[in-house]
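All remarks here apply to the structure that follows.
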Amino acid sequence: MEETLNAFVFGICNGGIYSLLAVSYVVIYKSTRVFPFSQAAVLILGAYIMWYCLIAWHLPIWLGFLITCSAGAILGIFIERAFMRRLVGQPILAPIVVTLCLMLLLRGVGILLGKGNIQGFGESFLPVGAWKIGFLHIPEIQVFGFVLCTGLIGALMLFYEKTRVGLAMRIVHEDHVMAQSLGLNVRRVFQYSWVISCVIASIAGMLLGNIQGVGLGLDANGLVAIAAVLFGGLESFAGAIIAGLAIGILQMLTIIYIAPLLPGETTMMIPFILLLLVLFLKPYGLFGLTRIERL
Amino acid sequence: MSINIDRPCGTFDRNYFQAKEIFRTPLRKALLILLLGSMYLLPYLTNDYGISILTIICAYSIGMLGLQIITGYCGQISIGHAAFMGIGMYTVGILQRHFGLSFWACLPLAGLVPMLIGMLFGIPALRIKGLYLAFATLAAHFVIVYVISNWRSVTNGTDGIRMNRPGPLWGIDFSADRNYYFLVLTATVLMVYLATNLTRTKLGRALVAVRDNDIAAEVMGINIAHTKILAFGIGCFFAGIAGALGGAYYEYVNVEWFGLDDSIWFLGFLVVGGFGSIFGAIAGAAVWKIMDELSTLVTPLAETFLGGAAFYASAAFSLVFYALIIIIFLVFEPRGIAHRWQMIKRSYRLHPFPY
Amino acid sequence: MAEPLRDIGKKREQRYSYGLTLLRECIEMKHPSAHTEEKGEDQILLRAENICLDFGQLRALEDVNLEVRAGEILAIIGPNGAGKTCLLNVISGFYRAQKGEIYFAGKRITQSPSYKIAELGLCRTFQNIGLYTGLSVIDNIIAGRHPHIHYHFLAGMLYFPWAHREEAKQRAIAEDIIDFLELEQVRASVVGNLAYGLRKRVELGRALALEPRVLLLDEPMAGMNLDEKEDMARFIIDINEFLKIPIVLIEHDMGVVMDIADRIVVLDFGREIAEGSPEEMKEDPRVIAAYLGEG
Amino acid sequence: MESITEKTWAQFLSSPDEDTFPKLLRRNYLKWAANRVAYRYKDYGIWHELTWKDLYERIKFFALGLTSLGFAPKDKIAICGENAPEWFMGQIAAQSLGGSSVGLYTDSIPSELQFIIQHSDARILMADDQEQVDKLQSIREQIPQVEKVIFWVARGMWGYEDPWLIGFDDVLEMGKAYEEAHPNAFENFVSQTRAEDIAVLLYTSGTTGLPKGSMVTYRNLLGLFHGWDATLPWSEKDENLSFLPPAWIGEQIFTVAPNLIKGVVINFVEKAETIRSDLREIAPRVILLGARQWEMICSEIQAKMIDSPFWKKFLYQSFLPVGYKIAQAQEERKKASLFWRVLKVVGYWTVFRHLQDKIGLTKTRTPISAGAALSPDTFRFFRGIGVPVVQGYGSTEVSGLDVLQVEPEYFRSEGSGHPFPGVEVRLTEDGEILLGGVGVVQGYYKQPDETAKSFKDGYFHTGDGGYMDEEGELYVIDRVKDMQTLKCGEKFSPTYIEGRLKFSPFIKDAMVIGNQRDYVTAMLDMDFENTGRWAERNHIPYTSHPDLSQIPEVRKLLAGVIQRINTVLPEATRVKKFIVLHKDFDPDEAELTRTRKLRREFVEKRYAVLIEAMYQGQEEVDIETTITYRDGRKSLMRLPIYIETIAG
């Protein structure tokens, strides 16, 4: 019993990061109708840059955080301008292939950054320690991460509701042709969504790098986040957040109960099994919009 | 005045069989035989290294043909094609390890097992389209890789499985690389023949109908579900055969050989080759293998540049190198080499007129 | 199966033909009784009873009844958005009506999938051209014959002689349709770069290729100039006469409707407001009101 | 002295049972039966073949069907339809019954048809499809003596229960029934045919007066063909494409005769619109086109080459002069230097072999241009691209082509070649050409006075002016009547100038005026498509044909063309002024004959206002014209026509 509660709390913290990643996917899909597989690799770059700032160049945390975010933003602008802009008129297959190749491209860059040390550097660079509340063993990093995630998502929600740019992005989400006819600069909106998504992804990368160690294994979490996004529905933020948390909890439960039964490391498998189930039963996800095809 | 530029002046068809012929005039039949003959003479011109490249190109072209049928002709995106090739390899490996069957007995099975599994993963294609199907095939890829790497008792887990070369047939001993190349080449020619016929018959038209306008196809009497499942089945059959032939060449196979990046390269280099044409699949496979060789040349360069241990440099460079090639092609030449070749052929045939 | 068609290369007799001979032969072979009775009221081929269709709260069709008798040309008219195309989509099985039954040649086809309905002989054309853009004109028409081509795909892949002959026979029937619709010059050009009028004709050819027993035409003459309209009207009358099949026509051009339709059904806001011969429809106050608005 | 006709006739014709078309049919049937193809027609996308056996049986049953319909020897059958096997089958069937066939043009208006049918008192008609049948039904009252109309394409005729109409296959059935009743009736009908019978009655509309029907006998056709065959041999393996109107004498002598005599296969095109692609598929060895068609092919090639990519255009423009050089040398009967001949071979393999492949003339040995005179520029153009066009001259009254340039290697661009063996050419004092020999027909049907006027002691007065050079080559200048003289007495040939004008891709047709005037003027009919493309390339906006024709830049362009031509003409006969017509010359408005020749008096009367304006020095003339819009509405429009004067 105690273990389940512990797993439950640990799951929520992890889930926070997954929902953050899921949100980064939704931000781009909703406005540009292109699913960004590449964010999984942006995760790795975020982790490495943070590692360089803190460990290699011994910078304070807040400066490291700033550098990582700005690096994410620059990467977002570069991707959108160099590749995505030219693919607007192409059939749906072209963006999928480009984002997939981007994922591998960024992984290659990741290997170069990490100087081949595939496993990454292991020691966590954020304050270590754990709080003992009753029988629960809550590592400090997890809570810090969870708080940061909820804060970020809240900020994002406010950004969408209140600011003018947020409003513009919500219009583009509905229909970019209509938005263009209304005089909105759709290209800049695309750029904003890529920037935001990459910043979030690099922050998530920083956090995950801290927990699981900075290395190429991080993009496995990216794929788990894909399962989360699909579970919640591609077009809704709320769905992504809830699904992220659920996946986090589910993953923790499987580690405790199901892992010993199945051979090999199953943390990766369960989300994909879930993904297949979702696709079979409810293809458009819990909160997604079912499209009516006109003939 | 719309003249049929595919036929030289003076050839007319007396029946529909002649009308359907691709190589209609004696000159074109001679060119075809010349092409095939030269393919069979190649190994005598190159050393063993050349033969290995050619064999792998042929094996990969069969795999590419499979993906062309699924994605190029039927429009269903499959990001798990390398996994099905893996199943083909492991089927042969397992059968030879546990049941001691000869390679010849395993080959058809190496096609059928991925075909059945492919059909299984084709089922979600009935209700979902486009992006969602890509997710399903991605998930399929991971599930397959997980099963293979963890079913230790049967697949010998992550440390791979031995596959031995096919036994001698009509006195030809296939352990020699050159003879094995002939076997793979003959298989490729047969597969190209099957794929070309497929695209010209009833199912081929149904595939293109589903790709172009599946709503209208449904109302026009084409059973969409049946067609999509068949597309996945045949595509994975081709992948299985390609896996068996490719794996038997190295005589050892491991899970690392068909990871997620292999599936992505399959799709990417199909884009480079060109969708919707047999020539596109073969061109894609050829470009992929040539890029392989080029990236191995890159490593010494990388050493001078990075100075560090080069072992990771070749892996990183190959990733970056391939990705850039595919993206450049997608942005500047979205319809691939096959389309460019079509344009050149058309310009020659129209010479000296512009249209 | 005995060779139902005369030798494809038959010499000269076909020239003294009224057109569509091969197609008529295929239809007679499958349903010999279909051509006995004249344009009588007795034989009702297609009947739709109180069809109700709604998307969420929007009610597209409200208990519409439709009867198509053998050998007649029935026109469905009504202002834009009256639900004409929805009715056609329900009949051809593309939308599932919430309430109501559809009977075709005595069989209940409400639940059967749309490709089964097409196989039975209920063929249709689309309002905004549903041709397969990747195929040439002749391939589009042969693709239309998909349910009537009988050989296993493996036989096709290995190009066995019987598959070869079957392909030649299908090509002959498609040529018969091309000869009837005068599409000889554009026979091999890709559908993508054809003029609008020609594409409408190719679509009519594809619907004919399905060996229709009822032909549903969705605005065959929209966007055509005078002589193209005359050609299309001539084709429709010839088809009705040669194949002795009823034709359901959705059309806005009153001139055309008045002189080729035997019976007219008027739809307005999803409800059937009038039915009868063209003359009655001219004076019917409800029809005028529906078109010109009250008062 | 034994006239030339008897000598040639005896020389070529061996056995009496091969001197008429039906007898030749029977000979071919006995000789080849089912193992050689006689006719090939394209239908449903593929070429169907009729062997001699099929053809013989079909013609036999059709002939017997005609007899059961009351067709007696010496009767006439009038056939109006596109090129189709049925057309020639009907003709040979009627001929085998001792009768003859009358050719009608499909695009002639009902009043023309009515006159010819009445005049030739044909009792049975044949029409190919609904369009012709409707035309014949519209004049049914005026042609009471016609008993039956036989049609062979029944598209859209399901509603016609008229007893007057009968299908081709029904006649075949009647023929089969008749054959049971009287076995081998057909054989003795055939053996009764004589060489002197009238084979074909062909009405030439001519540019003046009512059509005249020339009575062409088997002797004329066979004799002339053998004369031709002696100089330009046909072989059995030749393919022949039938696309010229079957009512024209060229089709009889050029398609039916070789088929029956030499067994050359006739290929029938699928539809009028698919002639060019069918021509390319068949690639006939010998081809006969009117001068108009050669000019159209030439301007089409030029128009396409203007748009082609630079490297194709560079190749084409660099090797064309080589062709011209070789043509020049051939004209002066000199051997071109080795350098030019090597260049020509290189040119052939890089550009011109492909060019010929696209227009379908790779296998053509003798491309012939007949009918109107072909302009020298077009002539040299085709020589340049390696198509050895030869010119011929002849008319219906001498059963087709009598004079032809024979050696493809040597030619004169203005000449019409040497007469065939068995044909005699003589010139009267004022230069009129007389043709005699085996080709001369028996005269005009039921018009003894016209016959007397044109046929004097075995020679036919062609009415064309011309002269002979020392080697005996005939040069046809122009119709004697059309030779015009200026006020100052200077003689000039309008057709010669018009030919040069039509060479430019921007001019489709032209009419030169100047008879009894003080200077020459021209009315140009602009080629809308090519000029439109030129205007688009130079960013000149235009809407319709009338609008484009009056744009200043277009007039400047055409003025340039005329200036170039004027340099070749003698000073007095240069074109001083011209106007660009707002519409094309149209056969349906009787401005052109069926074979697209200009009807001078009619056009001069019709546009008298414009012509007078040119001679009164006006700058601009207003005329009304009716415009038909795409949806059928018509509207009257006032349009200013500008008169352009040529400097120098």
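Just so it is clear, the values below take in all heavy atoms, side chains as well, and ignore hydrogens, waters and symmetry mates.
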From [atom1] ([X]) to [atom2] ([Y]), nearest 0.5 Å:
| X | Y | atom1 | atom2 | answer |
| --- | --- | --- | --- | --- |
| B/L131 | A/I96 | CG | CD1 | 4.5 Å |
| A/L100 | B/I264 | CG | CD1 | 4.5 Å |
| B/L330 | A/L93 | CG | CG | 8.0 Å |
| B/S318 | A/L104 | OG | CG | 9.5 Å |
| B/L267 | A/C101 | CG | SG | 8.0 Å |

(message) Contact between A/L230 and B/Y132 at the side-chain level, heavy atoms closer than 4.5 Å - yes or no?
(response)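 Yes; the side chains approach each other to less than 4.5 Å.
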
- request: Would you indicate whether the side-chain heavy atoms of A/L105 and B/Y322 approach each other to under 4.5 Å?
  value: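 SC-SC contact between B/Y322 and A/L105 ruled out.
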
Notebook entry, point to check: If you count the non-hydrogen atoms of other residues, nucleotides and ligands that lie under 6.0 Å from CZ in B/R97, is the total more than 12?
Noted result: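 Buried by this count: over 12 neighbours within 6.0 Å.
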
Is it the side chain or the backbone of [X] that comes within 4.5 Å of chain A heavy atoms, both, or neither?
| X | value |
| --- | --- |
| B/F321 | neither |
| B/T71 | side chain |
| B/I79 | side chain |
| B/V143 | both |

Should the ring pair B/F135 and A/F37 be called parallel, tilted or perpendicular, given that the plane angle runs from 0 to 90° and is split at 30 and 60?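 B/F135 and A/F37: tilted rings.
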
Decide side-chain contact (heavy atoms from CB on, under 4.5 Å) for A/M103 and B/L260; before the verdict, give the C-alpha distance in whole Å, the side-chain angles of both, and the deciding distance to 0.1 Å. CA-CA 11 Å; A/M103 176 163 83; B/L260 175 63; 3.7 Å; yes

